[in-house]
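Down below is the structure, laid out as structure tokens.
By convention in this document, chain letters (A, B, ...) are assigned in the order of the sequence lines, proteins followed by strands, and residues within each chain are numbered from 1. As the structure is a computational prediction, the values presented were derived from the model and not from experiment.
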2 protein chains.
Amino acid sequence: MKKTYTIGDLANEFGITTRTIRFYEEKGYLSPKRNGTRRIYNATDRTSLRLILRGKRLGLSLDETADMIQMYGSPGGNRKQLEIFLTRIGEKRTELERKRKDLEVMLNDLQGVEEKCQLALAQYRK
Amino acid sequence: MKKTYTIGDLANEFGITTRTIRFYEEKGYLSPKRNGTRRIYNATDRTSLRLILRGKRLGLSLDETADMIQMYGSPGGNRKQLEIFLTRIGEKRTELERKRKDLEVMLNDLQGVEEKCQLALAQYRK
DNA sequence: CATTACGTTTACGTTAACGTAAAGTATATG
DNA sequence: CATATACTTTACGTTAACGTAAACGTAATG
């Protein structure tokens, strides 16, 4: 009794179109099971989709997000491979931390403008 | 003796091409002075460019970033306009804060993978 | 059981954000 | 002062990420 989803379910849940979901599959970022011709998505598919959309909100390309999703798999391989993998993780992290700093600066700036605006508005209330 | 920049200066500083900078101007996001036919950028132009690139890193479109840059200007207008403005600021802030949460989740996940990887590597050192 | 809702494939269209190339002009330098 | 370097405009090309439409099959429902 594992929970499954139709393409419409997921489109509704995430506020996207079915075309978008099919596009992701077409490009190899999703591979749902089929019931005859109908697509059947499980929890894993749904998680992948969520990750894709999260990446998108942060300005990652589909390829970049797919890379990250793949990283989330079990870290296997020999020593060398693990070391290479760790390097990749570190790079991603650096990139994401830069984004975080960018975000903090922007939020700060925005707060500054907001305060100015509040001050200007306060004049009207005196 | 105000500092100015050529298009090449800015391209070098920010690691982009001159084509990109001209494109931003073509679309109305930059409007440098001219010395004859040559473009001359000042500190304000440079700041705008920096903001554009920052927005880009965070997945904002040029239009969205231009909107934000415009917000940074002096918050003028009457009471009604100020209130509308405040609403817009609030919306942007909500959006940016969502991005921040997305980032935190991703960084967390990444750290999880990293730790697993470290553990696997530790096996080799025993 | 008709019709409405949801699903399918195929295929061409669209938009943002530049890349690339050509063809010419101005400026810096050995 | 020749030539290399940086700048200019104009214009067509490219890619990612879908949108839109046609033409059709299947499932749910009043």
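- Considering only side-chain N and O atoms, B/Arg22 lies nowhere under 4.0 angstrom from the phosphate OP1 or OP2 of D/dA6.
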Scoring nucleotides 11-30 of chain D by protein non-hydrogen atoms under 4.0 Å (B base, S sugar-phosphate only, - none) yields B-----BBBB----BB----

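- Partners of A/Arg22 according to the salt bridge (charged side-chain N to carboxylate O under 4.0 Å, His left out) rule, which considers only residues two or more places apart in sequence or in another chain, do not exist here.
- Rounded to an integer number of Å, the gap from CD1 of B/Ile40 to C1' of C/dT27 is 13 Å.
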For B/Glu114 and A/Arg93, what are the C-alpha separation, side-chain angles and deciding distance, and is it a side chain to side chain contact (heavy atoms under 4.5 Å, CB included)?
-> CA-CA 10 Å; B/Glu114 188 171 4; A/Arg93 213 162 124 170; 2.3 Å; yes

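- Computed from coordinates, the B/Arg39 CZ to C/dT25 P distance equals 17 Å when rounded to whole Å.
- For the pair B/Glu95 and B/Arg88, the salt-bridge criterion is not met [side-chain N within less than 4.0 Å of a carboxylate O].
- In this structure, B/Leu107 and A/Glu97 have side chains that are in contact, with non-hydrogen atoms separated by less than 4.5 Å.
- Paired with B/Asp102 under the rule salt bridge (Lys or Arg N to Asp or Glu O under 4.0 Å), one option of A/Lys99, A/Arg50, A/Lys56, A/Arg57 passes, and it is A/Arg57.
- Applying the side chain to side chain donor-acceptor pair (under 3.5 Å) rule to A/Ser31 yields no partners; only residues at least two apart in sequence or on another chain are considered.
- Going from atom CG of B/Asn35 over to atom P of D/dT8 covers 11 Å, rounded to whole Å.
- D/dT8 atom P lies 6 Å from atom CZ of B/Arg34, rounded to whole Å.
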